[in-house]
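These numbers come from a predicted model, not from an experiment. Labels below follow one simple rule: chain letters A, B, ... track the order of the sequence lines, proteins then strands, and each chain is numbered from 1.
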Number of protein chains: 2
Amino acid sequence: MNATRAPAGPKRADARRNYELLLAAATEAFAERGADDVSLEEIARRAGVGIGTLYRHFPARQALLEAVYKDQVDGLEVLAGKLLVHESPAEALAEWMRAFAAFGRTKRSMSAALMATLGKQSELLSACSKVLRGCTEALLARAQEAGVVRPDVQSADLLRLTHALIMAADAPGGDPGQADRMFSLLMDGLLVAQAPTAG
Amino acid sequence: MNATRAPAGPKRADARRNYELLLAAATEAFAERGADDVSLEEIARRAGVGIGTLYRHFPARQALLEAVYKDQVDGLEVLAGKLLVHESPAEALAEWMRAFAAFGRTKRSMSAALMATLGKQSELLSACSKVLRGCTEALLARAQEAGVVRPDVQSADLLRLTHALIMAADAPGGDPGQADRMFSLLMDGLLVAQAPTAG
DNA sequence: TACTATACGGAGGATGCCTCCGCTTCGCAA
DNA sequence: TTGCGAAGCGGAGGCATCCTCCGTATAGTA
């Protein structure tokens, strides 16, 4: 997956490739069907490797879950780094929020499974949320300093709003485009008015 | 389990007895080992019935989980009713808090499993928490009206404190008596001072 | 090319979920 | 008390999943 990451996985080239394949397959499968409804055998099949290989890299289901979660957060962090030097602070923030929302959707399907074994105050979880909070703060601050986003918005508001938005949009029966539309509304609200509003 | 409940289960005596046995066995097993680490076969074995009988009464794992949860809440509600006419409002409140804390411990092991399939805003869950909130409010108000508990305490504080206490006390490595000691401290703090404190 | 450490793959044992159906027991009525 | 039908019981067994183990294959090295 996140090829930008420092080499942390297995040594041999084939092992490393399989590791990435498994991570990708698991991410996809979890997103599609929820973390509880995918068998490890299916993930191995999707990745095109044997079940034994999966277990060598991820000794337990939990390990795979954690790896996927961490991989996503790592990816977001890398993205934030790039966006912080993006030419348009407003676009950067929008892009970030979009990515964050997408992540939230995946996370939702995994959090229950993760919580069940990890505990609510796990080190992994709190470290990850700290990272994400930091990224959001930095991007928001930059956009505000550039004067393109309302100065009275706080990062906590942003995080919570996005979260709420995901929850609402993913309700059963909602059309898939709804999340995007709601997201646009939110972004429009963030920007400072381009022209004075009529009284 | 809660024999005080109105007849709501199966009709025939043996079926009814097995229902109660299963509920009791499941409650015990869940409390001992967590809701995720007990097989339904073991619960049937503990209850002394066949697996088929378990499935007749509780068509899915979820149903058993819900039944145990609801049974506990029902039991607490009955207890609250009794405590509301207890001679000592302070003792009644203490007893209630103790029972509530014990429930919280069980609940903790089940909530993840319940959430996973029920959803956070399930009708069952919200109904149950409403009941518990009501009970706590009534018992607290009575103790405050009797002048034995500090008037500035709110029921929400109580619920949250107890919750936090359970979480902290159940941390790995903590000794089993800790919860009780912390609980005593909390109760002492609630009571109005018996003598004026020295300046 | 030859060699070895490393990794692969999938058969298979263990366990758990749930269904199905022949046997047992309850509760009622005569 | 006895007989009977309905209700309930129990557990074998089918199916899915988890995880281990070990013979085979391959990457990397000299």
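Residues in residues 130-145 of chain A take part in no salt bridge (charged side-chain N to carboxylate O under 4.0 Å, His left out) pair, two or more places apart or across chains.
The interatomic distance linking A:Arg45 (CZ) with D:dA16 (C1') rounds to 12 Å, in whole Å. Counting to the nearest Å, the P atom of C:dC18 and the CG atom of B:Leu64 are 11 Å from each other. Atom-to-atom, CG of B:Leu21 to P of D:dG10 comes out at 10 Å; the value is rounded to the nearest Å. In this structure, A:Tyr19 atom OH and C:dA7 atom C1' are separated by 16 Å, rounded to whole Å. B:Gln62 places its CD atom 13 Å from the P atom of C:dC17, with the value rounded to the nearest Å. The separation between B:Ile43 atom CD1 and C:dG16 atom P is 11 Å, rounded to whole Å. Atom CZ in A:Phe58 sits roughly 15 Å away from atom P in D:dC18 (whole-Å rounding). Rounded to whole angstrom, the span from the CD atom of A:Glu41 across to the C1' atom of C:dT15 amounts to 13 Å.
Closest to the B:Ala15 side chain, of the nucleotides C:dC8, D:dG8, C:dC18, is D:dG8.
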Discussion item. Walk me through whether A:Met97 and A:Leu186 qualify under side chain to side chain contact (heavy atoms under 4.5 Å, CB included).
Written reply: CA-CA 10 Å; A:Met97 298 279 293; A:Leu186 172 57; 4.1 Å; yes

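Here B:Phe183 pairs with nothing under the ring pair (Phe, Tyr, Trp, His ring centres under 6.0 Å) rule; sequence neighbours left out. Contacts of A:Asp157 classified as side-chain hydrogen bond (donor to acceptor under 3.5 Å, both in side chains), with partners at least two apart in sequence or in another chain: none. Partners of A:Phe30 by ring pair (Phe, Tyr, Trp, His ring centres under 6.0 Å), not counting sequence neighbours: none found. For the salt bridge (charged side-chain N to carboxylate O under 4.0 Å, His left out) test, no residue two or more places apart in sequence or in another chain qualifies with A:Asp37. In this view, B:Asp152 and B:Arg150 satisfy the salt bridge (charged side-chain N to carboxylate O under 4.0 Å, His left out) rule, not counting sequence neighbours. Applying the salt bridge (charged side-chain N to carboxylate O under 4.0 Å, His left out) criterion to A:Glu42, with sequence neighbours excluded, gives A:Arg33, A:Arg46.
Heavy-atom nearest nucleotides on DNA chain D were determined for A:Pro59 and for A:Asp37, and the one closer to the 5' end corresponds to A:Asp37.
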Fill in: Base-contact (B) and sugar-phosphate-only (S) positions in nucleotides 22-30 of chain D, heavy-atom cut-off under 4.0 Å, - elsewhere
----BSS--

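A sub-4.0 Å separation between OP1 or OP2 of D:dG8 and a side-chain N or O of B:Asn18 is absent. Checking the phosphate oxygens (OP1, OP2) of C:dC8, a side-chain nitrogen or oxygen of A:His57 falls inside 4.0 Å.
In this structure, A:Gln144 contributes its side chain and A:Val153 its backbone to a donor-acceptor pair below 3.5 Å.
The stretch residues 46-53 of chain B touches DNA chain D through B:Val49, B:Gly50, B:Ile51, B:Gly52, B:Thr53, each having a heavy atom under 4.0 angstrom from the strand.
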